[in-house]
Amino acid sequence: MARLHTAALLCFCVIGYAAAMGGGGPALDRPTTYAQLDGVKGQWDITIEATKGADKDVFVPQACDSPVLDAPCNQPLLNADAHDKLKITAKVAKAPLKAADGLKPEHIVIKMCFSKPFVADRPWRKPNDIIDRDRSCPQTVATLPVAANNTYTVTWPIPKAAPKATWYVKVFADCKNGTDTVYCQFDSTADKAYVATSIIESTPTAMKAAVAVCSAIAPVFLALFFIKERVLKKTA
Ligand SMILES: *[C@@H]1O[C@H](CO)[C@@H](O)[C@H](O)[C@H]1NC(C)=O
């Protein structure tokens, strides 16, 4: 029974890992790549404000051009337990916004992306040129209809699952291309404005335990499997 249990857990680990490594994945609604939007990227003024003091209704500018967690401009680290929030304002610098293939923007999508140092060596945050498969931008903050004043403001409470990391903002436009909805424009605050989050006691203990067990037993099982294979082959 115990063996069955561990085997099931191992399967779960292996499948989880395979999923994290990004196999095929489901069909995409929006197959657009960043490369496709190269000619129209930019065009936005994006500012980040954050609740950095005790009063969580007071936003102060967060203008840190360093992705380093310890950089003084990234202090204090924001977190869900303190009820910290971000306010992101994206304004088209010079209207009208120019989109790929002369398409007409319908929505503005705002996402949070992990900075380079927090993507390195983490296959589960692997960037991808296909925008919807880019795991370095896992958080969609808002999808807003196109506004006449070309200004988009969104308040984002730091989610409980936000790990210790620095982030930047990416803004996309989506457009109808025939019957398809595609991304047709993007900009980001990479190298210009980052924000840092920490995690205090937000990860459920059970989750931490499961992750620890998973990472501890997976290599042991693999090793046992190979040893068993070899021994069986020799005696056969
Ligand atoms: C829009 O559709 C055309 C025709 O299928 C395609 O060539 C083009 O790349 C599409 N544009 C975008 C931005 O997806």
Side-chain angles (χ1 to χ4, degrees), residues 30 32 34 37 40-53 55-69 71 73-99 105-119 125 127 131-132 134-175 183-199 202:
R30 284 178 278 202
T32 322
Y34 288 107
L37 305 181
V40 292
K41 76 177 177 201
Q43 307 183 49
W44 291 86
D45 290 328
I46 307 166
T47 55
I48 309 175
E49 294 167 277
T51 56
K52 292 190 151 195
D55 187 341
K56 301 307 176 187
D57 292 320
V58 175
F59 288 88
V60 294
Q62 165 66 23
C64 190
D65 64 3
S66 168
V68 176
L69 196 75
C73 56
N74 275 325
Q75 309 313 311
L77 305 182
L78 308 171
N79 73 79
D81 298 287
H83 305 288
D84 281 317
K85 286 175 275 182
L86 289 184
K87 189 186 277 180
I88 298 162
T89 305
K91 191 174 185 315
V92 178
K94 194 166 166 278
L97 185 65
K98 211 163 105 274
E106 298 207 328
H107 296 98
I108 302 304
V109 181
I110 300 176
K111 294 190 187 190
M112 295 299 292
C113 308
F114 287 111
S115 70
K116 275 221 182 82
F118 290 89
V119 164
R125 293 182 191 163
I131 294 166
D132 276 346
D134 181 0
R135 293 174 198 281
S136 69
C137 302
Q139 300 274 354
T140 299
V141 173
T143 301
L144 307 162
V146 162
N149 67 358
N150 292 296
T151 305
Y152 303 86
T153 301
V154 62
T155 303
W156 189 56
I158 305 298
K160 281 225 178 289
K164 201 168 198 172
T166 56
W167 309 73
Y168 62 93
V169 176
K170 257 192 190 151
V171 174
F172 299 86
D174 73 22
C175 295
Y183 291 108
C184 50
Q185 208 283 327
F186 86 97
D187 198 354
S188 96
T189 68
D191 302 323
K192 289 177 277 185
Y194 293 94
V195 62
T197 58
S198 72
I199 193 160
S202 299

Derivation of the salt bridge (Lys or Arg N to Asp or Glu O under 4.0 Å) call for Asp134 and Lys111: CA-CA 11 Å; Asp134 181 0; Lys111 294 190 187 190; over 6 Å; no
Under 3.5 Å, is there a donor-acceptor pair between the side chain of [X] and the main chain of [Y]?
{"X": "Asp174", "Y": "His107", "result": "yes"}
{"X": "Arg125", "Y": "Phe118", "result": "yes"}
{"X": "Ser115", "Y": "Thr166", "result": "yes"}
{"X": "Asn79", "Y": "Ile199", "result": "no"}
{"X": "Gln185", "Y": "Gly42", "result": "yes"}
{"X": "Gln43", "Y": "Lys94", "result": "no"}

Determine, step by step, whether Val68 and Asn74 satisfy the side chain to side chain contact (heavy atoms under 4.5 Å, CB included) criterion, reporting the C-alpha distance in whole Å, the side-chain angles of both residues, the deciding distance to 0.1 Å, and the verdict. CA-CA 8 Å; Val68 176; Asn74 275 325; 5.5 Å; no
Return the CG to CH2 distance between Leu86 and Trp167, rounded to the nearest 0.5 Å.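 Output value for this atom pair is 10.0 Å.
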Nearest 0.5 Å please: distance from the CG atom of Leu77 over to the OG1 atom of Thr197.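 The distance works out to 7.5 Å.
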Would you indicate whether Lys56, at its atom NZ, is surrounded by more than 12 heavy atoms from other residues, nucleotides or ligands within a distance under 6.0 Å?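 Count over threshold, so yes.
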Tell me, yes or no, whether the heavy-atom count around Lys52 atom NZ, taken from other residues, nucleotides or ligands under 6.0 Å, exceeds 12.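 It does: Lys52 NZ has more than 12 such atoms within range.
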Could you walk me through whether Asp57 and Lys85 satisfy the salt bridge (Lys or Arg N to Asp or Glu O under 4.0 Å) test, starting with their C-alpha distance in whole Å, then the side-chain angles of each, then the deciding distance to 0.1 Å, before giving a yes or no? CA-CA 9 Å; Asp57 292 320; Lys85 286 175 275 182; 3.6 Å; yes
Nearest heavy-atom neighbours spanning Leu37 and Tyr183: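 The pair with the smallest heavy-atom distance is CD2-O, 3.6 Å.
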Those residues that, when tested against Ala63, pass side-chain contact (heavy atoms from CB on, under 4.5 Å) (two or more places apart):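 With sequence neighbours excluded, Ala63 shows a side-chain contact (heavy atoms from CB on, under 4.5 Å) to no residue whatsoever.
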Exercise answer: donor-acceptor pairs, residues 142-154 side-chain atoms, under 3.5 Å, sequence neighbours excluded:
| unit_1 | atom_1 | unit_2 | atom_2 | d |
| --- | --- | --- | --- | --- |
| Asn149 | OD1 | Thr151 | N | 3.1 |
| Thr151 | OG1 | Asn149 | O | 3.0 |
| Tyr152 | OH | Ala147 | N | 2.7 |

Using the test salt bridge (Lys or Arg N to Asp or Glu O under 4.0 Å), find all partners of Asp187 that sit at least two apart in sequence or belong to another chain.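 Counting only residues at least two positions away or on another chain, Asp187 forms no salt bridge (Lys or Arg N to Asp or Glu O under 4.0 Å).
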Is it the case that Lys41 places NZ or CZ above or below the six-membered ring of Tyr34, under 6.0 angstrom from the centre and within 45 degrees of the axis?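 The answer is no, since Lys41 fails at least one limit relative to Tyr34.
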Before you tell me yes or no, could you show the steps for Met112 and Val195 under side chain to side chain contact (heavy atoms under 4.5 Å, CB included), namely the whole-Å CA-CA distance, both residues' side-chain angles and the distance that decides it to 0.1 Å? CA-CA 10 Å; Met112 295 299 292; Val195 62; 3.8 Å; yes
